[in-house]
Amino acid sequence: MYSFLLRPKWIAFHLLVAAGIVGMLSASKWQWDKYNARDEFVASVEARQDRDRTPPVPLTTILDELTLGNAAPDDVEFRIATAVGSYLVEAELRQINRTQDGVNGVNVLTPFQIDDGPIVVVNRGFVPDTVDMPDPPTGDLVIGGTVRASQVRRTGELTDNANGDDIEVRRVDLPLIAERLGIEIAPVYLEFVASDPASAEPPIPVPAPDLTGGPPHLSYSIQWLVFSLCVAVGWVFAVRRSLRNHRQ
């Protein structure tokens with residue numbers, strides 16, 4: 001009665017259905033893993049920032065943790081830190097090909113000399129292409145920002161120009177920036193939040209990581225499960241219909 005299911009076209013149909021179900025289940029698991037990874041990321045960022053809000057942690061304290069080997073740059077990323085010192089305006093760089101709120105522009109990267117400490121790169125924020133580059137405050141000041149780890153080139157991304165005189169970079173690649181400027185810099189950088197005294201015309205701060213929304217990985221995972229179930233149900237109906245036709 002069921003011998004027709006072993007015919008070549010039916011075998012091909014079985015394999016196609018099986019491959020579709022396996023692929024959809026794999027996609028569901030991938031989305032589920034992404035959902036869990038985002039939950040872990042949000043929890044980690046919130047925990048790191050909550051511990052530094054009151055009182056703010058000096059960046060030198062975080063750098064000491066890195067120097068002593070108690071932490072890696074990824075372990076301290078997204079913490080909130082402050083630093084006291086002055087900007088090295090003559091060593092300022094621009095991170096090109098940036099977009100913020102649908103506007104094209106650059107991020108301003110200015111080294112900051114910490115009093116009795118190292119030099120740290122500060123991403124002062126976004127400047128649209130149509131706006132003149134604002135100068136940073138001069139003299140001693142206190143800055144606060146989010147600690148970030150050095151960026152690396154991902155597969156398919158363009159490399160930076162090896163010209164040492166070029167003030168433009170494609171990413172905040174700290175080893176490259178140190179080589180480009182010929183100075184030693186800290187192994188992490190700061191994304192600017194505020195300063196005292198404040199700049200009259202500061203760049204637009206880089207948006208903080210989104211800890212509320214994010215891609216709906218959970219719903220995507222459920223959708224792929226439903227799709228795989230629909231394929232399985234469709235296979236059952238196809239077999240039953242063919243069986244009924246054979247009986248007739």
Side-chain angles (χ1 to χ4, degrees), residues 1-50 72-79 95-105 107 123 126 128-129 146-160 169-173 191 204-248:
M1 184 182 304
Y2 296 96
S3 60
F4 71 93
L5 296 176
L6 299 179
R7 293 175 182 175
K9 67 176 183 179
W10 273 99
I11 293 177
F13 178 63
H14 301 330
L15 293 176
L16 179 62
V17 169
I21 292 176
V22 170
M24 293 175 187
L25 291 177
S26 298
S28 176
K29 183 180 183 304
W30 180 73
Q31 291 290 349
W32 176 255
D33 291 341
K34 296 282 286 183
Y35 168 74
N36 288 329
R38 175 166 177 77
D39 265 9
E40 293 175 1
F41 167 76
V42 171
S44 174
V45 172
E46 289 178 343
R48 293 176 186 182
Q49 294 187 347
D50 286 344
D74 289 344
D75 297 327
V76 299
E77 191 170 23
F78 298 110
R79 291 184 63 180
Q95 185 186 9
I96 60 174
N97 298 332
R98 309 307 299 169
T99 301
Q100 192 163 310
D101 295 329
V103 179
N104 295 326
N107 284 345
N123 183 349
F126 176 80
D129 289 333
T146 305
V147 178
R148 298 300 304 269
S150 177
Q151 298 177 349
V152 297
R153 186 178 72 87
R154 297 179 180 178
T155 302
E157 291 183 342
L158 297 174
T159 57
D160 277 291
V169 294
R170 298 185 182 277
R171 61 195 59 85
V172 191
D173 184 339
E191 285 186 346
I204 305 171
V206 176
D210 182 12
L211 304 180
T212 57
H217 295 297
L218 180 59
S219 63
Y220 292 158
S221 178
I222 296 175
Q223 288 176 12
W224 281 116
L225 284 176
V226 172
F227 292 158
S228 65
L229 180 61
C230 290
V231 171
V233 172
W235 177 85
V236 172
F237 275 109
V239 171
R240 293 184 62 181
R241 180 177 179 181
S242 296
L243 180 61
R244 184 170 58 252
N245 292 339
H246 278 73
R247 285 175 175 174
Q248 292 175 354

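Keep in mind the model is a prediction, meaning the values are calculated, not measured. Counting from 1, the numbers follow the sequence of the chain as shown.
Under a 3.5 Å cut-off, the side chain of Gln100 and the backbone N or O of Pro205 do form a donor-acceptor pair. Side chain of Gln151 to backbone of Val172: a donor-acceptor contact under 3.5 angstrom is found. Put simply, the side chain of Ser28 never gets that close to the backbone of Met24: no donor and acceptor are under 3.5 Å apart. Under a 3.5 Å cut-off, the side chain of Asp33 and the backbone N or O of Trp30 do not form any donor-acceptor pair. A distance-only check finds no donor-acceptor pair linking the side chain of Ser242 to the backbone of Val239 [under 3.5 Å]. With Ser26 contributing its side chain and Val22 its backbone, the two residues share a donor-acceptor pair below 3.5 Å.
Contact between Ile96 and Arg170 at its shortest, heavy atoms only, is CD1-NH1, 4.2 Å. Considering all non-hydrogen atoms of both residues, Leu6 and Ile11 come closest at O-CD1, 3.3 Å. The heavy-atom pair separating Leu218 from Trp32 by the smallest distance is CD1-CZ3, 3.4 Å.
Surrounding CG of Asp129 are more than 12 heavy atoms belonging to other residues, nucleotides or ligands, all under 6.0 Å away. Heavy-atom contacts from other residues, nucleotides or ligands closer than 6.0 Å to CH2 of Trp10 number more than 12.
Expressed to the nearest 0.5 Å, how far NZ of Lys9 lies from CG of Leu16 amounts to 14.5 Å. The distance from the OG atom of Ser150 to the CG atom of Asp74 is 10.0 Å, given to the nearest 0.5 Å. To the nearest 0.5 Å, atom NE2 of residue His14 and atom CH2 of residue Trp235 are 6.0 Å apart. The CZ atom of Arg98 sits 8.5 Å away from atom CG of Asn123, with the distance rounded to the nearest 0.5 Å. One finds the CZ atom of Arg171 at 13.0 Å from the CG atom of Asn107 (value rounded to the nearest 0.5 Å). With values rounded to the nearest 0.5 angstrom, Leu25 atom CG is found 10.0 Å from Leu229 atom CG.
For the pair Asp173/Arg153, no side-chain contact is recorded, criterion being any heavy-atom separation below 4.5 Å from C-beta on. With contacts defined as side-chain heavy-atom distances shorter than 4.5 Å, the pair Phe78/Arg148 qualifies.
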